[in-house]
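Note that the coordinates shown come from a computational prediction; the quantities given were computed from them, not determined experimentally. First listed ligand is number 1; within each ligand, the first listed atom is number 1.
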Amino acid sequence: MIYGLEPSKAERQALRKELIEYTDDFLEALSDEPAYVAGKYDKTAEDHQFEIDGDIKSFKEMLQLMVNRVDRTGLNPASGGHLGYIPGGGIYTAALGDYIAAVTNRYAGVFFASPGAVRMENALIDWVGKTLGYQEGFGGNLTSGGSLANLIGLFTARIAKGIHSKNVTQAVIYTTTQSHHSIIKALRVIGLEECILRYVDMDDNFRMDASALKYQIESDAKAGLYPFLIIANAGSTDVGAVDPLDAVADVAAEMNLWLHVDAAYGGFFILTTYGKQKLKGIERADSIVLDPHKGLFLPYGSGIIMVKDVHHLLEANSYEAGYMQDTRDWHQEWSPTELSPEMSRNFRGLRMWIPLKLHGVKAFEEALNEKLDLLQYFCFKIKQMGFELGNHPDLTVAIFRFNTGDENRDAFNKKILSQIHDDGRVFISSTEINHEFWLRIAVLSFRTQKKEIKILLGIIKKSLDTFYYSKKHS
Ligand SMILES: Cc1ncc(COP(=O)(O)O)c(C=O)c1O
């Protein structure tokens, strides 16, 4: 069947039927499908069907190709068994938002073009800002993810603090080795690679030491350098560490530095009572990054940058162009293009707005509380099995390993990891800290329940019995 570029109503219905069958089958099978399918994945004959060669395919054939060569290969981030990296899951109702946004194709970049779409996105920004504890005058932007949100936040800091080619090599940035690599990437992209980057000491839980931070800033200032930016974590990727935000904000305020908080993973825990305590002080940050595709369980493609004073965001991003003059007099709302480097972009607010309205904020709070409990449960059980934890988890990430007491420790833990990957029902990842290997669990998918945690514990126990205790006693 060859479709014109504008399928008829009947054709749309036929296409949708196949689409719904495919997505329903996907979701119905999800709890029985592996979270990870290990393999080397050399290119097969079937993979050549991805290539654009002028051939026409039926939608059914394409969906079958998806099943065979996408859905059944590698990691399945939609699975509740996804306990690696930073999961999220991808709530179904967000997909409805994406569908509507793509069909209607509203241009949510400028208020003039789509006042309704921009107003909806700004309502989301307003909710996030108030939830974080910002007062009047803040602003923000919905981005494609945390990396881009970090980039915008750090660029805004650069402009606000007057860093330019003449002073860049004297300018000093403070963070910890826990910061996500997107921070370092962003610094390079925005021309701050030549700044002096100080990795501040951390406590035993990988949290920034605020006293060490203050001491370092003072000595740099005395040496004639220009300390201007602190980058703190509210849920580091490696271990989920939350820096002491209030104490760090005190230092930033006293020494007049910009405080950027990367809360891409941890930010939405502020919806919980526990998270509100943990993240106390975040409202004092000049810029904050959050990822709804993590803490609000949206499908990939949703980050947020929030800035305490919207004028800084505006100063860093706003540009004039003759061909945009018709839009100039529309100031009832901020337009996303004024607050971000992006121009044309999808109407990405809808995928967040629909779930928040349809399920209510409480549903997200409850799911996040459940993840906090599951991580505690896992930690309790794994310690009972003789494993050591590398941190006292602040949120829902923990690192752990079995200490064999000899030089085989890392190799042994790698073996456990490959057993988990070969089994595939659940997936965890690993990390390296101070040149040592750690197993790492991140509980954040809204689909993760006790069942998945028990499967993981079962595989680990079996590996321990097979490769450690049975060897020891033989
Ligand atoms: C703390 C933190 N910051 C930034 C990022 C980058 O976000 P994204 O993958 O959405 O670009 C991540 C990703 O896991 C993260 O955990």
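Of the polar atoms of Asp291, at least one N or O is found under 3.5 Å from an N or O of ligand 1, judged by distance alone. Taking any N or O of Lys294, backbone or side chain, at least one lies under 3.5 Å from an N or O belonging to ligand 1. Backbone and side-chain nitrogen or oxygen atoms of Ser236 are examined, and none is located within less than 3.5 angstrom of a nitrogen or oxygen of ligand 1.
In terms of heavy atoms, Ser287 sits closest to Val307 at CB-CG2, 4.1 Å. Contact detail for Ala232 and Val248: the closest heavy-atom pair is CB-CG1, 4.4 Å. Scanning all heavy atoms of the two residues, the minimum distance from Thr177 to Met202 falls at OG1-CE, 3.0 Å.
Looking at Asn150 against ligand 1, only its side chain comes within 4.0 Å, counting heavy atoms. Using a 4.0 Å cut-off between heavy atoms, Ser147 contacts ligand 1 through both its backbone and its side chain.
Per-residue contacts place Ile86 under 4.0 angstrom from the following atoms of ligand 1 (heavy atoms of the residue considered): 14 (O), 16 (O). Less than 4.0 angstrom separates some heavy atom of Gly235 from each of these atoms of ligand 1: 1 (C). Interface of Ala264 with ligand 1, defined as ligand atoms under 4.0 Å from a residue heavy atom, comprises 2 (C), 3 (N), 4 (C). Near Gly146, with a cut-off below 4.0 Å to any heavy atom, the atoms of ligand 1 are 7 (O), 8 (P), 10 (O), 11 (O).
Checked against the 6.0 Å centroid criterion, the rings of Tyr199 and Tyr174 do not qualify as a close aromatic pair.
Of all protein heavy atoms, the one closest to atom 3 (N) of ligand 1 is Asp262 OD2, 2.7 Å. Summary of contacts: the protein heavy atom closest to atom 16 (O) of ligand 1 is Thr237 OG1, 2.8 Å.
Residue contact check for ligand 1: Ser182 places a non-hydrogen atom closer than 4.0 Å to it.
Heavy atoms of other residues, nucleotides or ligands lying less than 6.0 angstrom from OH of Tyr85 number 12 at most.
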Task: Candidate pair Phe268 and Phe364, rule side-chain contact (heavy atoms from CB on, under 4.5 Å), full reasoning - done: CA-CA 9 Å; Phe268 281 109; Phe364 293 89; over 6 Å; no
- [ ] Check step by step if side-chain contact (heavy atoms from CB on, under 4.5 Å) holds for Ile420 and Phe427.
- [x] CA-CA 7 Å; Ile420 297 166; Phe427 175 88; 5.9 Å; no
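In this structure, Lys278 is not positioned above the aromatic face of Phe269 in the sense of NZ or CZ being under 6.0 Å from the six-membered ring centre and within 45° of the axis.
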